[in-house]
S.K.: 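Got a structure for you, written out below as structure tokens; questions coming shortly.
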Number of protein chains: 2
Amino acid sequence: MVKNKDKCDLGTCFLCTHCLPDWIPAISAARKNIVVKKGQQIFKEGDPVTGIYFVYSGTVKVHKKWDKEKELILRFAREGDIVGHLGLGSTEFYPVSATAIEAGIICYIEMSFFESTLQVNNNFVIKLMRFFANELQESEKRMRNLAHMPVKGRVAQAFISLRNKFGLNEEGFINIELTRQDLASFTGAAYESLFRTINDFIDEQIIEISGKSIRIKNETTLLKLTEEEQ
Amino acid sequence: MVKNKDKCDLGTCFLCTHCLPDWIPAISAARKNIVVKKGQQIFKEGDPVTGIYFVYSGTVKVHKKWDKEKELILRFAREGDIVGHLGLGSTEFYPVSATAIEAGIICYIEMSFFESTLQVNNNFVIKLMRFFANELQESEKRMRNLAHMPVKGRVAQAFISLRNKFGLNEEGFINIELTRQDLASFTGAAYESLFRTINDFIDEQIIEISGKSIRIKNETTLLKLTEEEQ
DNA sequence: CGAGTTGTTGACGTGTGTCAAAAGAAGTGG
DNA sequence: CCACTTCTTTTGACACACGTCAACAACTCG
């Protein structure tokens with residue numbers, strides 16, 4: 001159920017700490033392992049782009065501010081996922097922020113080193129390009145949903161995609177702990193709207209909650225809500 | 001004001017009819033120029049991916065269905081723009097549709113040929129990758145706006161981005177003719193909502209309409225509406 | 001000239017966001 | 001062990017932005 005990948009988002013990138021332990025001096029020099037605590041910001045909107053990040057362990061949310069207190073969570077990144085790749089476009093500054101929601105280790109690679117890898121490893125760039133294509137496809141789908149799908153469907157969609165990304169633990173609960181606030185930001189709804197929607201789902205025996213963990217009890221109905229209307 | 005690019009979305013791709021006229025047999029064999037009428041579909045959601053398209057002339061909308069009668073327009077493509085590039089991801093089938101909104105010529109390149117170009121031209125892949133990164137950034141920004149920005153701001157945003165992409169004609173009108181329906185689909189609003197919003201803008205002397213053309217009279221106010229709130 | 005499309009407006013319902021406040025939960029300090 | 005913060009959860013009430021529906025006008029086109 002969990003996304004099928006080799007080691008990192010890019011198959012095996014031979015760059016991040018995950019794919020290549022600390023042996024080769026040339027890489028080690030351009031690479032830094034950053035220990036992050038829960039809630040710690042990795043970079044934020046407006047920061048100059050100086051490198052690119054891979055999640056070695058822990059969980060990260062990538063989000064974009066609106067209000068002082070409103071934001072939209074664009075994606076979550078877990079072990080092996082790449083973060084900060086928008087910096088590869090023509091922006092000098094990150095258009096999004098990245099924040100750890102679970103403690104972990106982030107592998108940072110200097111942009112100059114990363115760029116030189118791009119120059120010499122065509123296959124790697126192709127993987128990266130395909131990765132971007134898939135991200136864009138996902139993004140455009142969510143955009144369409146945000147425009148036309150009601151909150152209930154978007155919440156259902158959120159559960160499904162969290163399940164697909166993080167899988168289930170032994171008790172069958174989705175293997176991630178999210179605050180309601182983050183769930184709301186991920187679905188693009190107000191805190192209270194999300195809250196009420198979740199209650200509806202519980203009443204209808206579609207999901208089950210224990211602490212901050214969620215278990216899907218009736219996948220069929222959930223999927224029906226995420227179906228794109230003819 | 002119009003997007004700064006060499007010849008096509010990818011600088012100079014040396015592939016599409018725009019960047020490379022019909023001289024080289026190897027390319028000509030894998031390439032087809034398709035004459036499209038206004039309203040003609042180039043491909044649609046669910047079609048198998050067999051190649052990639054460049055707009056040689058005319059205008060194309062890329063859109064994603066929701067209802068039978070609702071859709072979201074994801075982007076417009078004009079002369080030199082690439083279309084169908086989502087097919088480079090891991091989908092076998094297009095997740096979006098492309099339809100001509102002005103008659104023109106579309107240059108089609110067989111995927112196998114395109115793929116072999118990727119294998120041998122590293123610089124080209126890097127350009128493509130950066131193009132994707134920029135598209136993704138744009139998409140995520142629009143996604144955030146769709147979630148939090150009210151219709152009026154989204155319409156303002158639409159005018160600005162249309163102006164940036166298509167520029168102005170001699171009389172200072174934005175150089176594209178769109179139906180209200182398409183404008184609505186582009187902003188992710190109902191037809192009537194868009195209609196009323198446009199009327200508001202006219203009343204407030206912010207824009208001017210002549211037929212299907214739009215002229216921005218008060219850019220400052222328009223920009224203020226698109227500002228991301230602190 | 002009828003028939004179909006597109007433009008225009010009004011009325012209406014409702015999904016959702018906003019605000020406020022009660023009720024817990026959980027820490028802090030005496 | 002008990003007041004006293006402070007934070008999160010939970011509900012209720014409310015407003016309004018926006019989508020939906022319906023009707024009519026205006027325009028196109030065979």
Side-chain angles (χ1 to χ4, degrees), chain A residues 38-39 65-73 101 143-158 177-204 207-214 225-226 229-230, chain B residues 37-39 61 65-73 99 101-102 143-158 177-204 207-214 225-226 229-230:
Chain A
K38 183 173 178 167
K65 275 180 58 166
W66 172 246
D67 247 356
K68 180 149 265 172
E69 42 223 299
K70 266 187 282 188
E71 62 175 14
L72 182 73
I73 293 181
I101 56 174
M143 194 157 116
R144 194 270 321 265
N145 290 351
L146 230 24
H148 294 306
M149 192 185 256
V151 168
K152 195 159 185 177
R154 301 212 301 272
V155 176
Q157 175 75 57
E177 296 202 346
L178 282 179
T179 66
R180 304 290 163 102
Q181 190 49 260
D182 278 344
L183 255 178
S185 301
F186 186 48
T187 55
Y191 180 93
E192 294 91 332
S193 296
L194 173 101
F195 182 80
R196 292 182 231 263
T197 308
I198 285 190
N199 279 350
D200 290 351
F201 279 145
I202 295 175
D203 290 349
E204 297 164 32
I207 62 166
E208 185 187 338
I209 300 259
S210 151
K212 277 180 182 163
S213 300
I214 297 160
L225 281 165
T226 69
E229 333 244 309
Q230 277 284 7
Chain B
K37 305 194 283 272
K38 183 171 178 166
K61 66 173 175 180
K65 274 179 56 167
W66 173 247
D67 247 356
K68 180 150 265 170
E69 44 221 299
K70 266 187 281 185
E71 62 175 13
L72 182 73
I73 294 182
T99 307
I101 56 174
E102 275 172 32
M143 194 158 116
R144 195 271 319 268
N145 290 351
L146 229 25
H148 294 307
M149 191 185 254
V151 168
K152 195 160 187 177
R154 302 211 301 271
V155 176
Q157 175 75 56
E177 296 201 346
L178 281 180
T179 67
R180 303 291 164 102
Q181 190 50 258
D182 278 345
L183 256 179
S185 301
F186 186 47
T187 55
Y191 179 94
E192 294 91 331
S193 297
L194 173 101
F195 182 81
R196 291 181 233 262
T197 307
I198 286 190
N199 279 352
D200 289 351
F201 280 146
I202 296 175
D203 290 348
E204 298 164 29
I207 62 165
E208 185 187 340
I209 300 259
S210 151
K212 278 182 182 164
S213 301
I214 298 161
L225 281 166
T226 68
E229 334 244 308
Q230 278 282 9

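Treat the numbers as computed from the prediction; the structure is a model and nothing was measured. By convention in this document, chain letters (A, B, ...) are assigned in the order of the sequence lines, proteins followed by strands, and residues within each chain are numbered from 1.
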S.K.: Looking only at non-hydrogen atoms, find the nearest pair between B:A147 and A:L72 and report the distance.
M.R.: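 Shortest heavy-atom separation between B:A147 and A:L72 comes out as CB-CD1, 4.0 Å.
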
S.K.: Distance-only, no hydrogens or angles: does the B:R144 side chain make a donor-acceptor pair with backbone N or O of A:E71 under 3.5 Å?
M.R.: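 It does not hold such a pair.
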
S.K.: Between C1' on C:dT5 and CZ on B:R180, what's the gap in Å once rounded to a whole number?
M.R.: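 Distance, rounded to whole Å: 15 Å.
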
S.K.: Expressed in angstrom and rounded to an integer, what is the separation of A:F195 atom CZ from C:dA23 atom P?
M.R.: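 To the nearest whole Å, that distance equals 15 Å.
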
S.K.: Within the structure provided, determine whether B:H148 and A:D67 are in side-chain contact (heavy-atom separation under 4.5 Å).
M.R.: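 No, too far: nothing below the 4.5 Å cut-off.
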
S.K.: Tell me, with the steps shown, if B:E208 and B:I202 meet side-chain contact (heavy atoms from CB on, under 4.5 Å).
M.R.: CA-CA 6 Å; B:E208 185 187 340; B:I202 296 175; over 6 Å; no

S.K.: So, does A:R154 use its side chain to make a donor-acceptor pair with the main chain of A:N145 at under 3.5 Å?
M.R.: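 A pair under 3.5 Å: no.
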
S.K.: For B:N199 and C:dT9, is the shortest distance between a side-chain N/O and OP1 or OP2 below 4.0 Å?
M.R.: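 Affirmative; the distance criterion is met.
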
S.K.: Quick check: closest heavy atoms across B:T226 and B:G153, and the distance to 0.1 Å?
M.R.: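 That would be CG2-O, 4.2 Å.
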
S.K.: Please report, rounded to the nearest Å, how far the C1' atom of C:dT5 is from the CD atom of B:E69.
M.R.: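 Taking CD of B:E69 and C1' of C:dT5, I get 15 Å after rounding.
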
S.K.: Hey, could you give me each pair passing side-chain hydrogen bond (donor to acceptor under 3.5 Å, both in side chains) that has a residue in residues 180-194 of chain B? Not counting sequence neighbours.
M.R.: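 For residues 180-194 of chain B: B:K61-B:D182.
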
S.K.: Can you check nucleotides 15-18 of chain C for protein contacts, nitrogen or oxygen pairs under 3.5 Å, and list what you find?
M.R.:
unit_1, atom_1, unit_2, atom_2, d
C:dT16, OP1, A:V151, N, 3.1
C:dG17, OP2, A:A190, N, 3.3
C:dG17, OP2, A:S193, OG, 2.4
C:dT18, OP1, A:K70, NZ, 3.0
C:dT18, O4, A:R196, NH2, 3.4

S.K.: So what is the end-to-end bend of the helix from C:dC1-D:dG30 to C:dG30-D:dC1, with 5 pairs used at each end and the value given to 10 degrees?
M.R.: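 Computed from the C1' atoms at both ends, the axes differ by 30°.
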
S.K.: Under 4.0 Å from any heavy atom of chain A: name the first and the last nucleotide of DNA chain D that qualifies, 5' to 3'.
M.R.: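 The protein-touched segment is D:dT9 to D:dA13.
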
S.K.: Who passes side chain to side chain contact (heavy atoms under 4.5 Å, CB included) against A:K212, sequence neighbours left out?
M.R.: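 Here the qualifying residues are A:E177, A:T179.
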
S.K.: Could you work out, with side chain to side chain contact (heavy atoms under 4.5 Å, CB included) as the rule, every residue matching A:T197, not counting sequence neighbours?
M.R.: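 Result, side chain to side chain contact (heavy atoms under 4.5 Å, CB included) vs A:T197: A:V151, A:K152, A:V155, A:F201.
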
S.K.: Please name the pair of heavy atoms, one in A:L225 and one in A:A156, separated by the smallest distance, quoted to 0.1 Å.
M.R.: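 Closest approach of A:L225 to A:A156: CB-CB, 3.9 Å.
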
